[in-house]
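For reference, the structure is listed below as structure tokens.
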Amino acid sequence: MTAETLATGRVRAPGRLPFGPRHLIVPIAVGAVLLALYAWVGTLELDSIEQRSLNRSVILAKAVEHLQMTVAATALVVVIAIPLGVLASRSRNRLVAPVILTAGNLGQAVPCIGLLVLCTFLMGVGFQTALVGLVAYAVLPVLRNTMVGVQQVDPALIEAARGMGMTRGQVLRRVELKLAVPAILAGLRTALVLTVGVATLGAFVAAGGYGELIINGLKLNRMPVTIVGGVLTACIAFLVDWLGGLAEDLLKPRGI
């Protein structure tokens with residue numbers, strides 16, 4: 001980061017978007033899998049139960065429910081984990097940092113299904129219950145990566161920024177957080193993929209999503225329904241990870 005960048009708080013943009021043929025591999029592969037799945041289901045003689053589960057309206061509705069859980073949980077994780085990560089990264093808060101990390105670890109230390117059951121006792125069933133479980137499970141990667149990303153900023157850059165008259169808040173916003181963007185985005189990408197997978201458990205608390213297809217297929221011994229639910233969930237996870245990779249390439253400061 002140059003003196004000009006420190007003074008303006010801006011990171012020089014790249015000459016062109018970092019998008020090339022390699023970025024098309026994942027969407028093309030996912031599209032091929034979806035076409036193969038559609039063709040396979042078309043060859044099956046579905047009974048009435050399978051037809052009710054494997055029709056366009058149901059699949060689209062479950063996709064919307066699954067994405068709603070994922071997006072809402074990720075937004076809450078960002079709001080919660082990044083400020084806590086910044087707080088834990090400060091040397092003056094070294095007594096508070098272990099408490100914050102321990103709280104973040106609890107979400108992944110407790111089995112997610114057990115966490116959902118506990119939330120059900122406290123809140124009942126529904127979307128909000130699943131949201132609490134998803135946020136608790138996905139907060140750790142963003143929290144830890146934010147903390148590590150801010151701590152790894154070169155102290156010389158911080159001193160240079162302070163020498164140019166920046167306040168502590170300006171140094172945090174213009175220097176530390178900007179340089180921590182790659183680490184934060186990597187944690188957010190991990191959290192997104194985790195959330196997509198764990199969101200299937202939302203079906204146990206009547207939150208919808210593709211978990212309903214998987215569970216109903218298992219309960220009713222309808223393997224096509226289970227396979228479709230599992231493959232569609234995996235496709236969403238791959239696409240979310242792909243979008244996260246694009247975001248990392250577009251948003252990270254150039255030259256670091």
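Note that the structure is predicted; figures quoted are calculated from it, not measured. Note that these values count all heavy atoms, side chains included, but never hydrogens, waters or copies made by symmetry.
Pairs engaging residues 230-247 under the salt bridge (Lys or Arg N to Asp or Glu O under 4.0 Å) rule: Arg189-Asp241 [sequence neighbours left out]. Pairs passing the ring-ring contact (aromatic ring centres under 6.0 Å, His included) check and including a residue from residues 124-158, sequence neighbours excluded, do not occur. Applying the ring-ring contact (aromatic ring centres under 6.0 Å, His included) test to residues at least two apart or on different chains, none of the pairs has a partner in residues 76-115. The list of salt bridge (Lys or Arg N to Asp or Glu O under 4.0 Å) pairs with a residue in residues 32-50, not counting sequence neighbours, reads Asp47-Arg222. Every pair tested for ring-ring contact (aromatic ring centres under 6.0 Å, His included) that includes a residue from residues 172-207 fails, sequence neighbours excluded, so the list is empty. Applying the ring-ring contact (aromatic ring centres under 6.0 Å, His included) rule to pairs touching residues 29-74 yields His66-Tyr210, sequence neighbours excluded. Every pair tested for salt bridge (Lys or Arg N to Asp or Glu O under 4.0 Å) that includes a residue from residues 101-111 fails, sequence neighbours excluded, so the list is empty.
Think of Val117 as one node in a network of Ile, Leu, Val, Met, Phe, Trp and Tyr side chains linked at under 4.5 Å; its network also takes in Phe121. Grouped with Met223 in a hydrophobic cluster is no other residue, since no side-chain heavy-atom contact under 4.5 Å to another Ile, Leu, Val, Met, Phe, Trp or Tyr is found. Hydrophobic side-chain contacts under 4.5 Å tie Ile214 into a cluster, directly or through other members, with Leu218.
Between the Thr190 side chain and the Ala186 main chain, a donor and an acceptor come within less than 3.5 Å of each other. A donor-acceptor pair under 3.5 Å links the side-chain atoms of Thr129 to the main chain of Gly124, judged by distance alone.
Leu46 approaches Gln51 most closely through the heavy-atom pair O-NE2, 3.0 Å.
Residues that satisfy the salt bridge (charged side-chain N to carboxylate O under 4.0 Å, His left out) test with Arg52, not counting sequence neighbours, are absent from this structure. Looking at residues two or more places apart in sequence or on another chain, you find no side-chain hydrogen bond (donor to acceptor under 3.5 Å, both in side chains) involving Thr102.
With rounding to the nearest 0.5 Å, the separation of CD1 in Ile215 from CG in Leu220 is 11.5 Å. Remark: Arg168 CZ to Glu176 CD distance equals 9.5 Å, nearest 0.5 Å. Between atom CZ of residue Arg173 and atom OG1 of residue Thr167 there is a gap of 6.0 Å, rounded to the nearest 0.5 Å.
One finds no salt bridge joining Glu212 and Lys219 here, because no Lys/Arg side-chain nitrogen approaches an Asp/Glu carboxylate oxygen to under 4.0 Å. A salt bridge does not link Glu159 with Arg162: none of the charged nitrogens is closer than 4.0 Å to a carboxylate oxygen.
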